Amino acid sequence: MRVSMATSAGRAGQPNEDFFGAVPGAAVLLDGAGIPGSGSICSHGVAWYTHRLGGVLLGKLSRADGRDLAAILATAIDETAADHRGTCDITNPSSPQATVLVVRAHRGSLEHLLLADSFLVLDDQASDGPQVITDEREVTARRICSAPLDGVARGTPEYDRIRDSCAEALRARRNQPGGYWLAKDDPQAAYEAVTGSRPLQDLNSVALLSNGASRIVSPYGLTDWPGVLHLLAADGPADVVHRVRQAEACAGPNAPVPDDATVAHWTHLPRSEDDNL
């Protein structure tokens, strides 16, 4: 297997809360949720959480024992929670949390697991174009909870009041039935993940993008998903991240706040268990 990657912090001088790592036959991408004020809840911080959880996941995946991906994630969440349960208020809704994307080559298939809004792009030679997989539940919940802000002028006391109410409504849906799911302190969230598999023989390559990197497609519209695969094949992940940063620099005042951006490109996919190295 061959994996190339690039990552960039969204804000200068701030830690990058994304995490990416790979072991033979598997890769992991986490996107930490940087919630204002979380420093007083957890002394370790979001970047610590994503790196800790990502490291535990990679350790378990390296065993190549074929355990169910959701079960592996559940155990990793539980172990990571135990690492700071005694010092931090991990049950607080704003304690460190992260999206999770795991891919693994196993018995002729590429298995995947997603919690929240990272993106998996499969260069599937059996289809007309790439297959893009994400967990849309957080985006859906955010859209529903933000609806009261439609038509309200930004920068006004009314806007700020409604925005705070919307944020509270979104938090109430986190890791709840009918809402959306993230890795945090409850291992049961792992069993709510979006999962599936594809035959390895149908795939040319696999791309993993955090939400910040996926902005090259939406909202900036610099290319489409087939174009993302073309850019990755031509110039690699760093080019995708660079283009996102250029778009952010030229965007207007209503553009999204720059976010951590990570892209990984897995080529030379294994065709047998012996090809994982």
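Please read these numbers as outputs of a predicted model, since none were measured by experiment. These values consider heavy atoms only, across backbone and side chains, with no hydrogens, waters or symmetry-generated copies.
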Quiz prompt | Side chain to side chain, Phe19 and Leu29, heavy atoms closer than 4.5 Å | solution = no

Quiz item: Quick one: do Leu208 and Trp225 end up in the same hydrophobic cluster if we chain Ile, Leu, Val, Met, Phe, Trp and Tyr together by side-chain heavy atoms under 4.5 Å apart?
Solution: no

Exercise. State plainly whether the residues Lys60 and Glu79 are in salt-bridge range, i.e. N to O under 4.0 Å.
Key: yes

Self-check item: Gap between atom CG of Asp202 and atom CG of Leu269 - 0.5 Å precision
Solution: 11.0 Å

Quiz item: Considering only heavy atoms from C-beta outward, does the side chain of Asn211 approach that of Asp260 to under 4.5 Å?
Solution: no

Self-check item: From CA spacing to verdict: side chain to side chain contact (heavy atoms under 4.5 Å, CB included), Leu222, Ile216
Solution: CA-CA 5 Å; Leu222 302 179; Ile216 191 171; 3.9 Å; yes

Quiz item: Can you check whether Arg52 reaches Asp83 side chain to side chain, under 4.5 Å on heavy atoms?
Solution: yes

Quiz item: Which atoms form the tightest heavy-atom contact between Ile72 and Arg104, and what is the distance?
Solution: CD1-NH1, 3.7 Å

Quiz item: Which is it for Leu113 and Val194 under the side chain to side chain contact (heavy atoms under 4.5 Å, CB included) test, yes or no, and what are the steps along the way?
Solution: CA-CA 6 Å; Leu113 176 150; Val194 173; over 6 Å; no

Quiz item: How about Val100 and Leu57: do any of their side-chain heavy atoms sit closer than 4.5 Å?
Solution: yes

Self-check item: Glu248 side chain to Pro256 backbone, donor-acceptor under 3.5 Å
Solution: no

Quiz item: Do the side chain of Thr195 and the main chain of His112 share a donor and acceptor less than 3.5 angstrom apart?
Solution: no

Quiz item: Is Val103 reachable from Leu114 through a run of hydrophobic residues whose side-chain heavy atoms are each under 4.5 Å from the next?
Solution: yes

Quiz item: How long is the gap from CZ on Arg171 to CD on Gln176, to the nearest 0.5 Å?
Solution: 13.5 Å

Quiz item: Do Arg243 and Asp239 sit within salt-bridge range, that is, some charged N less than 4.0 Å from a carboxylate O?
Solution: yes

Quiz item: Shortest non-hydrogen contact from Asn16 to Ala9?
Solution: ND2-N, 3.5 Å

Quiz prompt | Inter-residue atom distance Leu73.CG - Arg67.CZ, 0.5 Å rounding | solution = 10.5 Å

Quiz item: Is there a side-chain contact between Thr223 and Leu231 (heavy atoms, below 4.5 Å)?
Solution: yes

Quiz item: Is it true that a side-chain atom of Thr50 and a backbone atom of Glu17 form a donor plus acceptor pair closer than 3.5 Å?
Solution: yes

Quiz item: What's the spacing between Ser205 OG and His265 NE2 if we round to 0.5 Å?
Solution: 3.5 Å

Practice problem: Output yes when a side-chain donor or acceptor of Thr80 lies under 3.5 Å from a complementary backbone atom of Ile77, and no otherwise. | Solution: no

Exercise. Find out whether Pro96 and His44 are in side-chain contact, i.e. whether some heavy atom of one side chain is under 4.5 Å from a heavy atom of the other.
Key: no

Quiz item: So which heavy atom on Tyr191 is nearest to which on Ala70, and how close?
Solution: CD2-CB, 3.8 Å

Quiz item: So if you build clusters from Ile, Leu, Val, Met, Phe, Trp, Tyr with side-chain heavy-atom gaps below 4.5 Å, do Val132 and Val217 land together?
Solution: yes

Quiz prompt | Neighbour count above 12 (heavy atom, 6.0 Å) for Arg163 CZ | solution = yes

Exercise. Please answer: with hydrophobic residues joined when any side-chain heavy atoms are less than 4.5 Å apart, are Leu229 and Trp266 in the same cluster?
Key: no

Quiz item: Hey, is the main chain of Arg215 close enough, under 3.5 Å, to the side chain of Ser218 for a donor-acceptor pair?
Solution: no

Exercise. In plain terms, say whether Asp135 and Arg137 are close enough for a salt bridge, that is, a side-chain N and a carboxylate O under 4.0 Å apart.
Key: yes

Quiz item: Is it true that atom NE2 of His242 has more than 12 heavy atoms of other residues, nucleotides or ligands lying nearer than 6.0 Å?
Solution: no

Quiz item: Do you know which two heavy atoms are closest between Arg173 and Cys145, and how far apart they sit?
Solution: NE-SG, 3.4 Å

Exercise. Verify, without hydrogens or angle tests, whether Ser210 (side chain) and Thr262 (backbone) share a donor-acceptor contact under 3.5 angstrom.
Key: yes

Quiz item: What is the distance from atom CG of Asp186 to atom CG of Leu182, rounded to the nearest 0.5 Å?
Solution: 12.0 Å

Practice problem: Determine, stepwise, if the pair Arg198 / Ile133 fulfils side chain to side chain contact (heavy atoms under 4.5 Å, CB included). | Solution: CA-CA 12 Å; Arg198 296 289 189 282; Ile133 304 170; 4.1 Å; yes

Quiz item: Do side-chain atoms of Thr134 reach the backbone of Ser118 as a donor and acceptor pair under 3.5 angstrom?
Solution: yes

Quiz item: Which class fits the ring pair Tyr49 and His84: parallel under 30°, tilted 30 to 60°, perpendicular over 60°?
Solution: tilted

Quiz item: For Glu158, does the CD atom have more than 12 heavy-atom neighbours from other residues, nucleotides or ligands under 6.0 Å away?
Solution: yes

Self-check item: Nearest heavy atoms of Ala74 and Ala190, plus distance in Å
Solution: N-CB, 3.5 Å

Exercise. Would you mind reporting whether Leu149 and Tyr159 have side-chain heavy atoms less than 4.5 Å apart?
Key: yes

Self-check item: Cluster overlap Leu122 with Phe119, hydrophobic side-chain contacts below 4.5 Å
Solution: no

Quiz item: What are the two closest non-hydrogen atoms of Ser95 and Thr91, and how far apart are they?
Solution: OG-N, 4.5 Å

Quiz item: Roughly how far apart are Leu69 CG and His106 NE2, rounded to 0.5 Å?
Solution: 9.0 Å

Exercise. Kindly determine whether Gln125 and Leu203 satisfy side chain to side chain contact (heavy atoms under 4.5 Å, CB included), including the steps that lead there.
Key: CA-CA 6 Å; Gln125 56 190 349; Leu203 301 176; over 6 Å; no

Self-check item: Whether Ser127 side chain and Pro130 backbone form a donor-acceptor pair below 3.5 Å
Solution: no

Quiz item: Quick one: does Pro237's side chain get under 4.5 Å of Leu232's, heavy atoms only?
Solution: yes

Quiz item: Are the side chain of Arg245 and the backbone of Ser8 linked by a donor-acceptor contact shorter than 3.5 Å?
Solution: yes

